[in-house]
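Each remark here refers to the structure printed beneath this line.
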Number of protein chains: 2
Amino acid sequence: MRTRNEHKEQLVEEKALELLVTHGFDGFSMQKLAKAANVSPATLYIYYKDKEDLITQLGMIHGTKMVDVTLEGFDPHMSFEEGLRLQWRNRARYWLENPMEAKFFDLLSHTPYHKVIAMKMNDRFREVMTVFGRNAVEKNELVRVPFEVYWSIAFAPLYNLIRFHFEGQSKGGKPFTWSDEIMEQTLSLVIKALKP
Amino acid sequence: MRTRNEHKEQLVEEKALELLVTHGFDGFSMQKLAKAANVSPATLYIYYKDKEDLITQLGMIHGTKMVDVTLEGFDPHMSFEEGLRLQWRNRARYWLENPMEAKFFDLLSHTPYHKVIAMKMNDRFREVMTVFGRNAVEKNELVRVPFEVYWSIAFAPLYNLIRFHFEGQSKGGKPFTWSDEIMEQTLSLVIKALKP
DNA sequence: TTTATAAATGAATGTTTGTTTATTTATGGA
DNA sequence: TCCATAAATAAACAAACATTCATTTATAAA
């Protein structure tokens, strides 16, 4: 029997991400993807059940990859400050090195697909973070607040900073770009907020 | 000459928001909107130049309304804590009372339309906030940090909390809902972070 | 070398898309 | 009352859409 062309499959994956990010979910279609990846539309339906399946699979792949990267070198028994620093650094590095994935994920999180993927993929991260948070509170390194409050303070500013970076957000004309100093400055404010 | 049916026009606006929020930009079409608002597709092209114009206008309307509400009772010469508190309260109230608008805006901010609208409508808010921030720094009520860092700490957590609320985000099953205590708790951490 | 089988395709399916055109309908001002 | 004019429409348009079908192509195992 004939074997699957792995190179072709990977190209489809790449181009799908590219098209989704540059033209939005709105302007994305199977035919455009097929053309961009030099593949027959019918081939896409060998790889994926349908359009929804394509996007869901893409989300899962990059979602788990992102969680893996975020938790690289992480141990829930680290000190709170050390652990949070490591996660910020890991995420920032990954996103800056993989802007397509970063933007795709940001996009995806604001579509109906989000729920399906978040459910499956956040579980691991959520679990680790719950242990980490509980330990930190017990060691008196972290204020005791509901999970959602903690999350909103600990990570929302990082996401926002990255969005600013990719949008080149500016204050009265001066464009904004990421720097380690900016991250460090923001992170230290966050840590200050979360100390008991 | 015949006069425009204002009621019909407003219904179109309402239904457009509803469809966009429930089915996403993806699943939105002029024909669906026409059907939902009991109007001929051609009528939409009397109200709006094209689909892009429809969405842009919708964004502008709700964008300026949101800025107005946020700045209700605000004065850039308020103390920093008082001013930030007021803005958080204003935004939270508006979003909880107008979930459709809130979700629409969240959605919109992750599409190519975003840039067009943000440019025009954020100007006023940005200007007021710049004065407010400068004053607060001079009075030694606010740390001196780049605008983007300030923004990421001061508002990103609020946005995140609202998203959690609308998604019913949960930790191990318990669903999350907004409460004034939760907001107060988060806001006080934010203020702690931003104090010099 | 042959054969069975999955990969890959080009062309077509019927549907939905955004938008326009020709026509009818309502109404403020003459 | 009647007329000019804009509102509103039903029906249509080509283009783009997701998906399928009949067929060809490549290859692992026999």
Side-chain angles (χ1 to χ4, degrees), chain A residues 1-61 104 107-108 111-114 116-117, chain B residues 1-61 104 107-108 111-114 116-117:
Chain A
M1 63 174 174
R2 191 171 175 181
T3 49
R4 187 176 289 192
N5 186 341
E6 311 274 355
H7 171 70
K8 197 162 280 200
E9 204 180 351
Q10 203 198 317
L11 188 70
V12 166
E13 224 176 74
E14 264 175 46
K15 290 287 174 188
L17 214 71
E18 195 180 308
L19 285 181
L20 280 166
V21 167
T22 51
H23 295 79
F25 277 75
D26 219 0
F28 176 80
S29 84
M30 297 301 261
Q31 328 231 24
K32 282 183 191 162
L33 173 57
K35 188 160 284 180
N38 265 84
V39 156
S40 163
T43 308
L44 299 176
Y45 288 84
I46 297 171
Y47 299 160
Y48 312 99
K49 195 175 138 285
D50 51 26
K51 195 184 163 191
E52 180 174 328
D53 182 50
L54 162 74
I55 290 169
T56 307
Q57 279 199 43
L58 230 59
M60 300 285 268
I61 289 168
F104 169 66
L107 230 63
L108 191 72
T111 61
Y113 301 106
H114 168 61
V116 186
I117 295 156
Chain B
M1 64 177 170
R2 192 173 176 180
T3 48
R4 187 175 289 190
N5 185 339
E6 311 275 355
H7 171 70
K8 199 164 277 199
E9 204 181 350
Q10 202 198 317
L11 189 70
V12 165
E13 223 177 73
E14 263 174 46
K15 289 288 175 187
L17 214 72
E18 194 180 309
L19 285 181
L20 280 165
V21 166
T22 50
H23 295 77
F25 277 75
D26 219 358
F28 176 81
S29 84
M30 298 300 262
Q31 329 235 18
K32 282 182 191 163
L33 172 56
K35 189 159 284 181
N38 265 85
V39 155
S40 162
T43 307
L44 300 176
Y45 287 84
I46 297 172
Y47 299 160
Y48 312 99
K49 194 175 140 284
D50 51 27
K51 194 185 165 191
E52 181 173 327
D53 182 50
L54 162 76
I55 290 169
T56 306
Q57 278 200 43
L58 231 59
M60 299 285 268
I61 290 167
F104 169 66
L107 231 63
L108 191 71
T111 61
Y113 301 105
H114 168 59
V116 186
I117 296 156

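Residue numbering restarts at 1 for every chain, and letters A, B, ... go by the order of the sequence lines.
Note: CG (B:Asp53) to P (C:dT19) measures 10 Å, nearest angstrom. As a whole-Å value, the separation of B:Phe25 CZ from C:dT17 C1' is 17 Å. Atom-to-atom, CG of A:Asp26 to P of D:dC17 comes out at 11 Å; the value is rounded to the nearest Å. For the pair B:Asn5 CG and D:dT9 C1', the interatomic distance rounds to 13 Å; values are reported in whole Å.
Proximity of A:Leu58 to A:Leu20: side-chain heavy atoms (C-beta onward) are separated by under 4.5 Å at one or more points. Looking at heavy atoms from C-beta onward, B:Tyr48 lies out of side-chain contact with B:Ile55 at the 4.5 angstrom threshold. In this structure, the side chains of B:Leu33 and B:Leu44 come closer than 4.5 Å at one or more pairs of heavy atoms. You'll find the side chain of B:Glu13 reaches within 4.5 Å of the side chain of B:Ile61, heavy atoms only. Within the 4.5 Å cutoff, the side chain of A:Leu107 has no heavy atoms near those of the B:Thr111 side chain. B:Met30 places a side-chain heavy atom less than 4.5 Å from the side chain of B:Tyr45.
To the nearest 0.5 Å, atom CE of residue A:Met60 and atom CG of residue A:Asp53 are 10.0 Å apart. Distance CG/A:Asn5 to CD/A:Gln10: 10.5 Å, rounded to 0.5 Å.
Although no hydrogens or angles enter the test, the distance criterion places no donor-acceptor pair under 3.5 Å between the side chain of A:Lys15 and the main chain of A:Lys32. A donor-acceptor pair under 3.5 Å is absent between the side-chain atoms of A:Lys35 and the main chain of A:Ser40, judged by distance alone. A donor-acceptor distance shorter than 3.5 angstrom exists from the side chain of B:Thr22 to the backbone of B:Glu18, with no hydrogens or angles considered.
In DNA chain D, the stems built from three or more successive Watson-Crick or G-U pairs (distances below 3.5 Å) are C:1-17 with D:14-30, C:19-28 with D:3-12.
Evaluation of the ring-ring contact (aromatic ring centres under 6.0 Å, His included) test over residues 2-28 of chain B, restricted to residues two or more places apart or in two chains, returns B:Phe25-B:Tyr113.
Every residue two or more places apart in sequence or in another chain that forms a salt bridge (Lys or Arg N to Asp or Glu O under 4.0 Å) with B:Glu9 is listed here: B:Arg4.
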Review point. Nucleotide by nucleotide, 5' to 3', does protein get under 4.0 Å of the base (B), only the sugar-phosphate (S), or neither (-) in nucleotides 22-30 of chain D, counting heavy atoms?
Key: ---BBBB--
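In the region residues 28-51 of chain A, proximity to DNA chain C at under 4.0 angstrom, judged on heavy atoms, holds for A:Val39, A:Ser40, A:Ala42, A:Thr43, A:Ile46, A:Tyr47. Of the residues in residues 7-20 of chain B, those with a non-hydrogen atom less than 4.0 angstrom from any atom of DNA chain D are B:Lys8.
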